[in-house]
Protein chains: 2
Amino acid sequence: MVTLREVARAAGVSLATASRALSDAPHVSAGNREHVVRTARELGYRPHHAARTLTTGSTATVGLVLPDLANPFFATVAKGVQGRARETGREVIVADTDEDAAQEHEQVARLLGRVDGLVLCSPRMPADALAALTATGRVVLVNREAPGVPSVSFDVPDGVRQAVDHLRALGHEAVAYAGGPRSSWSDAERRTALDALDDGGARRTIDLGAFRPTHGGGVQAADLALAAGATAVLCFNDLVALGVLARLHARGVRAGRDVSVVGFDDVPAATLVTPALTTVALPLARAGRDAVDLLGPGPDAGSDAGLAAAHRRLPVELVVRASTAPAPSRSTAPAADPEVVIR
Amino acid sequence: MVTLREVARAAGVSLATASRALSDAPHVSAGNREHVVRTARELGYRPHHAARTLTTGSTATVGLVLPDLANPFFATVAKGVQGRARETGREVIVADTDEDAAQEHEQVARLLGRVDGLVLCSPRMPADALAALTATGRVVLVNREAPGVPSVSFDVPDGVRQAVDHLRALGHEAVAYAGGPRSSWSDAERRTALDALDDGGARRTIDLGAFRPTHGGGVQAADLALAAGATAVLCFNDLVALGVLARLHARGVRAGRDVSVVGFDDVPAATLVTPALTTVALPLARAGRDAVDLLGPGPDAGSDAGLAAAHRRLPVELVVRASTAPAPSRSTAPAADPEVVIR
DNA sequence: TTGTAGGCGTTATCAA
DNA sequence: TTGATAACGCCTACAA
């Protein structure tokens, strides 16, 4: 390995001058600077990261803790974090908790010793544990909010509103909600938003209950929705919605005609199924990028880096596809399907 | 920050003794060891990573460079890498190249200065560039092979064989292949395997051409397959297969009855569509784990860690679902569908 | 078994 | 503008 000392010697300058030249600090003659830079390149000099960290105290590294890397939702956040971190001269250390709240604490604590700051995505741990963990500062939350902790989340209430408005505009009165796990922070947020939309009259939402946030959970919810006479189902997330779609199909109910279905997240598979899923799209990668920015400027930052606000709520967007359609008229039996039945 | 020096002072021992006690090295009295460990815990001591790296030379870190974190295929590999790294006491720094071959070189070079070794997943760069890059050692390939470079890949030829055997057993004679990009190493591997299976007689495979490895590519391929009179289509990957499925459906052809479709990868969406996709499943997470092991034992390793073999080819498995079925008999028009048509 | 001291590669603080 | 030199926190011969 070629060290700075060797570069200095080869260039015929002192260690200090070499250091200054390469980290383009002031107080180096233009001639020396160029000469040092050239010899460094010739020798293939690469600064030793750990040594630099030891003296500067900066790791140029961002941590990322998330429940499941293989889940496209989190993976997309991770991509955003990684992209922004690199743009600002930082690396990303990623840790997967396997959806285990207990691991969150350990991973965060361990990583904090190795990074300048860290992004904690969709933590499952209860609020009090979260508060204790983030007391150190240097932690930004994504898809979760907690008092006093900087965070990036999504305007879920507005997403719920868009979805419900859409369904009501289509004439649906009996809208059911297929919820996620009770312990889920974001499920609570959806429910609060739904309650706020409830006008106490005919247009109330039917609570189908809490389901596992999976395809299977959706299958289960679909039967309940049918039994409850719902003409539209709003789902905790797309996986649940896809499960509902599959079950409706299996039971001979035409999704997007007899029953409308709306999901949340806009996962890739939403466009791959038939009918394509109407869903609330979340700016996942953007959230990851913003979280990195909330952590503060990286090593590459100019001097005028403004201090970021503590909380950001990103706008969401309802993407209307084929799984939602006008409510079937009450009086008539399902009309003969004018489309070509393809099976 | 609490340093080892402070722990030593608090425990009333020397720096060296404290160090030995905490890294459970020999030559420490049991009493001192326990005492030091306790005071360290009480003081909340966390070893300083950079300092340790500087003296030991080990970063306890693994690098991971891949084309696209948001792609479930790579994300699953990443999950495996992360899981195995942590089990062996290492962190993972992940870098996303945005599918850009030019970035691969830069990312790998940069990361190599910060990690003990790195996993390069599905590199797009040409073979010669790869050879130059990996000459340093410390790099393991995943889903790609190169002479002299340790790698973990999949037994794709066997997967192709399983798929073709399956289709032939179902009576399909006109099997088409919807290929991936010409520059793709794994596409070349599939083609080689297909050629080997060609008996020169009636059972030859129809080459549909090269398509973008996306849903859209599949849509395009489907029309060609139909025009060529194929009764079965083997696809470069699941995304392409899903596109074929969608297009067949749109054109009124019953996938899984009139035409059989087989994919590659077994992405999550494969089970979410109707008909569910028959596909060749790849042990992606396992590949990530094995790649880490090929990098050598981590800091947590026992003394008897054997040296790993340089190449591993992981077995793959055809997962038969509803998108493949017996070939329609030549003479008769498509029989009336005995199933309840649900649409 | 314990302690002292040197060094890992860099940056930063002083004098010169 | 330069150049010694002292940290940074830890590990590890080497000496006691």
Side-chain angles (χ1 to χ4, degrees), chain A residues 1-37 39-40 43-61 89 91 110 112-116 298-301, chain B residues 1-37 39-40 43-61 89 91 110 112-116 298-300 303:
Chain A
M1 217 206 66
V2 37
T3 73
L4 185 59
R5 166 165 269 110
E6 306 180 62
V7 174
R9 176 158 29 217
V13 299
S14 77
L15 202 56
T17 301
S19 173
R20 284 190 278 254
L22 291 176
S23 50
D24 55 31
H27 308 303
V28 189
S29 70
N32 264 346
R33 161 161 294 137
E34 201 211 350
H35 183 207
V36 170
V37 168
T39 56
L43 266 45
Y45 167 75
R46 312 283 295 183
H48 191 290
H49 174 72
R52 177 172 286 180
T53 293
L54 194 54
T55 56
T56 63
S58 162
T59 63
T61 308
E91 302 302 339
R110 196 164 35 76
L112 273 179
R114 294 198 46 172
V115 302
D116 293 336
D300 291 0
Chain B
M1 219 207 64
V2 37
T3 72
L4 185 60
R5 165 167 269 108
E6 307 180 63
V7 174
R9 176 158 29 218
V13 300
S14 78
L15 204 55
T17 301
S19 173
R20 284 190 276 253
L22 290 176
S23 50
D24 55 30
H27 308 304
V28 189
S29 69
N32 264 346
R33 161 161 292 137
E34 201 211 349
H35 184 208
V36 169
V37 168
T39 56
L43 265 44
Y45 168 75
R46 312 282 295 183
H48 191 291
H49 175 72
R52 178 172 286 179
T53 293
L54 197 52
T55 57
T56 63
S58 161
T59 63
T61 308
E91 303 304 337
R110 197 164 34 76
L112 273 179
R114 294 198 46 172
V115 302
D116 293 336
D300 291 1
S303 54

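Protein chains get the first letters and strands the later ones, always in sequence-line order, with residue 1 at the start of each.
Nearest heavy-atom pair across B:Gly44 and B:Val2 is O-CG1, 3.4 Å. The nearest pair of heavy atoms linking B:Val7 to B:Leu43 is CA-CD2, 4.0 Å. Closest of all the heavy-atom pairs between B:Ala51 and A:Leu54 is CB-CD1, 3.8 Å. Residues B:Pro299 and B:Gly89 share a closest heavy-atom pair of CG-O, 3.5 Å. The minimum heavy-atom distance linking A:Leu22 with A:Tyr45 is given by the pair CD1-CE2, 3.6 Å. The shortest heavy-atom contact between A:Ala11 and A:Val36 is CB-CG2, 4.2 Å.
Rounded to the nearest 0.5 Å, atoms CG (B:Leu4) and CZ (B:Arg9) are 11.0 Å apart. How far CZ of A:Arg5 is from OG of A:Ser14: 10.5 Å, rounded to the nearest 0.5 Å.
Computed from C1' positions of five pairs at each end, the angle between the two local axes of the helix from C:dT1-D:dA16 to C:dA16-D:dT1 equals 40°, rounded to 10 degrees.
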**Report entry** Verdict with supporting geometry, A:Thr61 and B:Arg114, side-chain contact (heavy atoms from CB on, under 4.5 Å)
**Finding:** CA-CA 11 Å; A:Thr61 308; B:Arg114 294 198 46 172; 2.6 Å; yes
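Shown for residues 24-35 of chain B: residues whose heavy atoms fall under 4.0 angstrom of DNA chain C, namely B:His27, B:Val28, B:Ser29, B:Asn32.
Spacing between atom CZ of A:Arg5 and atom C1' of D:dA4 amounts to 11 Å, rounded to whole angstrom units. When rounded to the nearest whole Å, the span between CD of B:Glu6 and P of D:dG9 equals 9 Å. Look at CZ on B:Arg46: it is 16 Å from C1' on D:dC10, rounded to the nearest Å.
Here the side chains of A:Arg52 and A:His48 are not in contact, with every heavy-atom distance at 4.5 Å or above.
Taking a heavy-atom distance under 4.0 Å as the criterion, the stretch of DNA chain C touched by chain B extends 5' to 3' from C:dT1 to C:dG9.
Sequence neighbours left out, the pairs with a member in residues 22-36 of chain A that pass salt bridge (charged side-chain N to carboxylate O under 4.0 Å, His left out) are A:Glu34-A:Arg38.
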Distances under 3.5 Å only, N/O to N/O: pair up the protein atoms with those of nucleotides 11-13 of chain D.
unit_1, atom_1, unit_2, atom_2, d
D:dC11, OP1, B:Arg52, NE, 2.8
D:dC11, OP1, B:Arg52, NH2, 3.0
D:dC11, OP2, B:Ser19, OG, 3.2
D:dC11, O4', B:Thr55, OG1, 3.2

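For A:Asp116, the side-chain hydrogen bond (donor to acceptor under 3.5 Å, both in side chains) test picks out A:Ser58, A:Thr59, with sequence neighbours left out.
The backbone N or O of A:His35 sits less than 3.5 Å from a side-chain atom of A:Thr39, completing a donor-acceptor pair.
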